[in-house]
Asker: 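Let me begin by handing over the structure; questions about it come next.
If you're wondering where the values come from, they're calculated on a predicted model, not measured in any experiment. Every chain is numbered from 1 and lettered A, B, ... according to where its sequence line falls, protein lines coming before strand lines.
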Amino acid sequence: MEKEEIEKVLHNIKSRALSLKNACELFLNCEPKEQKEMAKIMEETSRFILEQAKKLNKNINE
Amino acid sequence: MNKIKILIVEDDLLSQKIVAKNIKSGHIEFASDKYEAFKKLKNGDYDICFADLMLGENDDYSGLEIVKEAKKKNIYTVVMTSSGNKDTINKAYSYGADDYYLKGNESKVIDTVLRKFFNSNKINLDKDKIFCGQFITKDLDLQMEILNILKFSYDNIATLILGPTGSGKTALARLIHDYSLRKGSFIDINCSAYNEELLEAELFGYKKGAFTGADQDRSGKLKQADGGTLFLDEIGAMSLLMQQKLLKAIEEKSFYPVGSNRKEYSDFKLISATLEEPDKLLKEKKMRQDFYNRINGLKIYLKPLNRRNLDIFPLIEHFTKDKKQLAFSNDAADFILRYQWPGNIRQLKNFVDYFASYSKGVIDRHDIEKYLEKGANSAENALKTDLNGKSLDDYLDEIAYQIIRKELENSAGKVTSVLKKLKISTRRFYSILNKFEGTNGKRRN
């Protein structure tokens, strides 16, 4: 994996991880309907991070 | 006011939600990629654009193109990024970005970003809309003062409005609230309309059973103003003890309703008003210094109407917008401009309402003088009274008793309704009844 590609993957992981952190801080202040919506997106974001981490892991260890 | 229009360009849905949540109000739209963003920028009329630099998994800083596009339309642009790469940030500035922030601390940073936007003079403070509609004045000095206050309306700085009765203090408070972009409501209360006990209950709310007449839990004005604005009119009438309690609530953003041991929280913007000079209130020890320091972040003085007579006819026009148009003789118009208007704008509105309902044809000076004399006589007649040997207190208590009795009849004997309507304490209520009635409820001789 090229250095540029690695940087992009790391950037994606960091960016989404920051979103998750922010979401955790806001979560309890949200209305129940908003919480449901947010929880769903948090799950999708976590999955995205997992995909990026798998991609990084696969390429680094090849 | 039309809300500030905000465009958030961000591919991360979670981040979209977070930015939107941290922006207190405004009309917010989203774009998830550069094409959607270009379309929205082309068709929309945004005041501010938040743009992520990287839009998508394999994106190559297409956010910079968004910055360029937004700049063509003179939109205030804020770049959001999780990468602190200096070259990229410098590039964003060279494309015309107005500000940037590193993702991760949105709850603290967005507030600062919006404050900078408000202070940048790029916010669309439409003078015509404000001074020909929301707060009518042609007085240039006053317009300048109000615009300066509005620039800080986004901040949570307390504002103190000074001015005589009927000079537009409430209208100005509402205007400040509208420009604050706070999502919550504008809640107002006239502190002089309540005695201390009732004022405390109104402000802090109460728990069922906290006092006679508290037949259910009730949230107070402080709670109702959460996320919005609390306007305290006639704050000079507030007792020192109430000032102390309110000061604590303002500083801690928390309070206890009357009769409750459960803390409530409220984050409100505070605007106060008084017709009295604060220096006089402080000197006479009617206001605490620490309380005054707290309510006096920004101060503005509204002149009486007779010192703003350029506003009189625009105000008359405004008040007759959906009513019959009034026509005045030259003599009448001259009289209107010279008249002192002791009741200021409120008196002018009553004047307009009266003539819009009753006038026929051109209104001349005589008509106006007759109307004003009638109003003055009513006030004078109210003072002509014969005490018949009673003390003033006894006489006033007698009047109070008659009013209470009438209200009890009108409300089918419901004491709580009467207390609420007449804004008196339960102690005063029973003290008056006991003075004039026996234990059998019948009038004493």
Asker: Is there a donor-acceptor pair closer than 3.5 Å between any side-chain N or O of B:K71 and the backbone N or O of B:Y95?
Answerer: no

Asker: Under 3.5 Å, is there a donor-acceptor pair between the side chain of B:K269 and the main chain of B:I157?
Answerer: yes

Asker: At a heavy-atom separation under 4.5 Å, does A:K55 approach chain B through its side chain, its backbone, both, or neither?
Answerer: side chain

Asker: Between A:T45 and chain B, which part of the residue has a heavy atom less than 4.5 Å away: side chain, backbone, both or neither?
Answerer: side chain

Asker: Of all the residues in residues 3-12 of chain A, which have a heavy atom that comes within less than 4.5 Å of a heavy atom in chain B?
Answerer: A:K8, A:H11, A:N12

Asker: Look at the aromatic rings of B:Y101 and B:F50 and report parallel, tilted or perpendicular, splitting at 30° and 60°.
Answerer: perpendicular

Asker: Is it true that a side-chain atom of B:N43 and a backbone atom of B:K39 form a donor plus acceptor pair closer than 3.5 Å?
Answerer: yes

Asker: Report the option among A:E37, A:E25, A:E44 that has the most heavy-atom pairs separated by less than 4.5 Å from atoms of chain B.
Answerer: A:E37

Asker: Tell me whether the count of non-hydrogen atoms from other residues, nucleotides or ligands lying under 6.0 Å of NZ in B:K91 goes above 12.
Answerer: no

Asker: Counting neighbours of NZ on B:K207 that are heavy atoms of other residues, nucleotides or ligands and sit closer than 6.0 Å, is the number greater than 12?
Answerer: no

Asker: side-chain hydrogen bond (donor to acceptor under 3.5 Å, both in side chains) with B:T159: which residues, sequence neighbours excluded?
Answerer: none

Asker: Under the salt bridge (charged side-chain N to carboxylate O under 4.0 Å, His left out) rule, collect the residues that match up with A:E31, sequence neighbours excluded.
Answerer: none

Asker: Determine whether a donor-acceptor pair (N or O, by modelled atom type, separation under 3.5 Å) exists between the side chain of B:E264 and the backbone of B:S254.
Answerer: no

Asker: Quick check on B:N105 against chain A: is it the side chain, the backbone, both or neither that has a heavy atom closer than 4.5 Å?
Answerer: both

Asker: Would you confirm whether B:K17, through its side chain, and A:I41, through its main-chain N or O, come within 3.5 Å as a donor-acceptor pair?
Answerer: no

Asker: Do any of residues 16-23 of chain A come closer than 4.5 Å to chain B, heavy atom to heavy atom, and if so which ones, in number order?
Answerer: A:R16, A:L18, A:S19, A:L20, A:K21, A:N22, A:A23

Asker: Donor-acceptor pair, A:S46 side chain versus A:M42 backbone, under 3.5 Å?
Answerer: yes

